[in-house]
Amino acid sequence: MHELQALIQGKISAQVIDIDHLIELAHRYKDPNSAEYKLVELATNIVLAKYLEKAQKVL
């Protein structure tokens with residue numbers, strides 16, 4: 001979770017985040033009202049946005 005917080009704070013790059021780990025966390029934290037769920041959701045959105053930007057540059 002510290003890694004996700006660092007991502008959100010801009011201290012590390014999205015490429016450092018392991019997508020499989022994000023999926024594992026999403027399975028673990030299923031309550032949409034929990035802070036952990038929101039953290040995972042935000043981090044996932046950041047990572048996906050970065051990969052989308054990267055893909056758009058290739059196209």
Side-chain angles (χ1 to χ4, degrees):
M1 289 303 219
H2 294 292
E3 188 176 57
L4 300 185
Q5 290 173 333
L7 171 68
I8 291 166
Q9 294 169 354
K11 294 180 180 177
I12 63 171
S13 134
Q15 287 82 9
V16 174
I17 303 298
D18 179 23
I19 292 177
D20 290 327
H21 183 61
L22 276 178
I23 293 169
E24 177 186 316
L25 291 172
H27 285 294
R28 189 180 313 161
Y29 301 107
K30 296 180 180 182
D31 177 11
N33 297 314
S34 71
E36 293 87 358
Y37 177 95
K38 292 175 184 181
L39 183 64
V40 171
E41 181 181 38
L42 184 54
T44 301
N45 287 337
I46 291 169
V47 169
L48 291 176
K50 291 296 180 185
Y51 277 102
L52 181 58
E53 285 176 18
K54 199 173 186 180
Q56 286 176 331
K57 288 179 184 177
V58 172
L59 298 177

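Below, all heavy atoms of this structure are taken into account, side chains as well, without hydrogens, waters or symmetry copies.
- Evaluation of the salt bridge (Lys or Arg N to Asp or Glu O under 4.0 Å) rule for Glu24 yields Arg28 as partners, not counting sequence neighbours.
- For residues 4-13, the pairs satisfying side-chain hydrogen bond (donor to acceptor under 3.5 Å, both in side chains) are Gln9-Lys11, Ser13-Gln15, with sequence neighbours left out.
- Here the straight-line distance linking atom CD1 of Ile17 with atom CD1 of Ile46 works out to 9.0 Å at 0.5 Å rounding.
- For the residue pair Tyr37 and Tyr29, the shortest heavy atom distance occurs at CD1-O, 3.2 Å.
- For the side-chain contact (heavy atoms from CB on, under 4.5 Å) with Val47, the qualifying choice from Leu4, Leu22, Leu52, Val16 is Leu22, the only one to do so.
- With sequence neighbours left out, the side chain to side chain contact (heavy atoms under 4.5 Å, CB included) criterion links Leu48 to Thr44.
- Legend: salt bridge (Lys or Arg N to Asp or Glu O under 4.0 Å) pairs involving residues 29-49, not counting sequence neighbours: none detected.
- For Asp20, the side chain to side chain contact (heavy atoms under 4.5 Å, CB included) partners at least two apart in sequence or on another chain are Asp18, Ile23.
- Among residue pairs with one or both ends in residues 47-59, none qualify as side-chain hydrogen bond (donor to acceptor under 3.5 Å, both in side chains); sequence neighbours excluded.
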